[in-house]
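Comments concern the structure below.
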Amino acid sequence: KTLDWINDYDPKTGKKIKQISFREDGKTVDFIADYDPETDKQIKGTFFRKDGKTLYLVADYDPKTGKMIKQTSFRRDGKTFYWVDDHDPNTGNIIKQTFFRGDGKTLGYINDYDPKTGKHIKQTRFREDGKTLDCISDYYQDTGNPIKQTCFREDGKKVRCVIEFD
């Protein structure tokens with residue numbers, strides 16, 4: 001017999017506050033779910049790589065709606081940020097996605113999304129320093145198709161070119 005999960009309960013209320021789920025071997029942690037003792041909704045999900053120790057992803061949820069509000073992904077070392085998604089707490093739709101360079105601190109690019117539809121509406125790319133603008137791409141709100149792309153010179157301020165799409 002192998003262990004599938006362990007539930008922790010609040011000793012005063014008897015409500016579930018945590019669930020630790022294991023991989024098929026019954027020993028290696030797969031993920032941990034934390035619950036709000038007031039609403040009984042999941043407020044956090046922590047997922048691990050196959051070793052059961054290294055962080056893979058952390059998901060945060062709104063305690064009232066139960067909708068995802070943030071997702072943070074980590075590189076293979078389990079410490080360095082790979083990307084962060086921000087979600088609308090009412091709809092759960094993604095509104096912003098931030099990708100980091102290999103050091104986990106320097107911005108690579110940011111994707112913005114329409115909070116109502118979840119469609120991609122803008123991408124802002126940065127040069128290697130993570131601060132200087134490289135290109136900004138705009139997308140139609142209803143279809144997500146590209147409208148135009150504006151690329152900047154090395155200073156990140158002067159426009160190098162603008163490409164418009166039909």
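Rounding to the nearest 0.5 angstrom, the gap separating the CD atom in Glu164 from the CD1 atom in Ile147 is 9.5 Å. Taking CG of Asn7 as the reference point, atom NZ of Lys18 lies at 11.5 Å (rounded to 0.5 Å). To the nearest 0.5 Å, atoms NZ (Lys15) and CG (Asp10) are separated by 9.5 Å. In this structure, Lys27 NZ and Thr2 OG1 are separated by 10.0 Å, a value rounded to the nearest 0.5 Å. Rounding to the nearest 0.5 Å places CD1 of Ile121 at 12.5 Å from NZ of Lys119.
With respect to Arg23, the salt bridge (Lys or Arg N to Asp or Glu O under 4.0 Å) criterion is satisfied by exactly one of Asp51, Asp4, Asp30: Asp30.
Residues passing the ring-ring contact (aromatic ring centres under 6.0 Å, His included) test with Phe100, sequence neighbours excluded: Phe81. Residues satisfying the ring-ring contact (aromatic ring centres under 6.0 Å, His included) criterion with Phe22, sequence neighbours excluded, are absent altogether. Listed by chain and residue number, Asp103 satisfy the side-chain hydrogen bond (donor to acceptor under 3.5 Å, both in side chains) test with Thr106 (two or more places apart in sequence, or in another chain). Scored by the side-chain contact (heavy atoms from CB on, under 4.5 Å) test, Ile94 finds Asp85, His87, Gln97, Tyr113 as partners (sequence neighbours excluded). By the side-chain hydrogen bond (donor to acceptor under 3.5 Å, both in side chains) test, Gln71 pairs with no residue at all, sequence neighbours left out.
Clustering ILVMFWY residues whenever any of their side-chain heavy atoms sit less than 4.5 angstrom apart, transitively, puts Leu107 in the very cluster that holds Phe74. Ile69 and Val58 end up in different hydrophobic clusters when Ile, Leu, Val, Met, Phe, Trp and Tyr side chains are linked at under 4.5 Å. Trp5 and Ile32 are not part of a single hydrophobic cluster, where members link through side-chain heavy atoms under 4.5 Å apart. Cluster membership check: Ile95 does not share its hydrophobic cluster with Val84, using side-chain heavy-atom separations under 4.5 Å among Ile, Leu, Val, Met, Phe, Trp and Tyr. The hydrophobic clustering, which links ILVMFWY residues whose side-chain heavy atoms are closer than 4.5 Å, places Tyr139 and Val162 apart.
Met68 shares a hydrophobic cluster with Tyr61; the chain of contacts runs through ILVMFWY side chains whose heavy atoms sit under 4.5 Å apart. The other residues sharing a hydrophobic cluster with Trp83 are Phe31, Phe47, Tyr56, Leu57, Tyr82, Phe99, Tyr109, where clustering joins ILVMFWY side chains under 4.5 Å apart. Grouping Ile, Leu, Val, Met, Phe, Trp and Tyr by side-chain contacts under 4.5 Å, direct or through others, puts Ile163 with Phe165. Side-chain contacts under 4.5 Å among hydrophobic residues (ILVMFWY), followed directly or transitively, place Ile17 with no other residue at all.
Pairs of residues two or more places apart, or lying in two chains, that qualify as side-chain hydrogen bond (donor to acceptor under 3.5 Å, both in side chains) and include a residue from residues 129-138 are Asp129-Thr132, Ser137-Gln149. Residue pairs meeting the side-chain hydrogen bond (donor to acceptor under 3.5 Å, both in side chains) criterion with at least one member in residues 31-50, sequence neighbours excluded, do not occur.
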Atom pairs and distances, donor-acceptor, side-chain atoms in residues 152-161, under 3.5 Å, two or more places apart:
from	atom 1	to	atom 2	distance (Å)
Asp155	OD1	Lys157	N	2.8
Asp155	OD1	Lys158	N	3.0

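Here the closest non-hydrogen pair linking Thr117 and Gln141 is OG1-O, 4.0 Å. The two residues Lys64 and Asp62 come nearest to each other via the heavy atoms N-OD1, 2.8 Å.
Side-chain contact check for Pro115 versus Asn93: every heavy-atom pair is 4.5 Å or farther apart. Side-chain contact between Thr91 and Lys67: absent, with no pair of heavy atoms (C-beta onward) separated by less than 4.5 Å. At least one side-chain heavy atom of Thr124 sits less than 4.5 Å from a side-chain heavy atom of Leu133.
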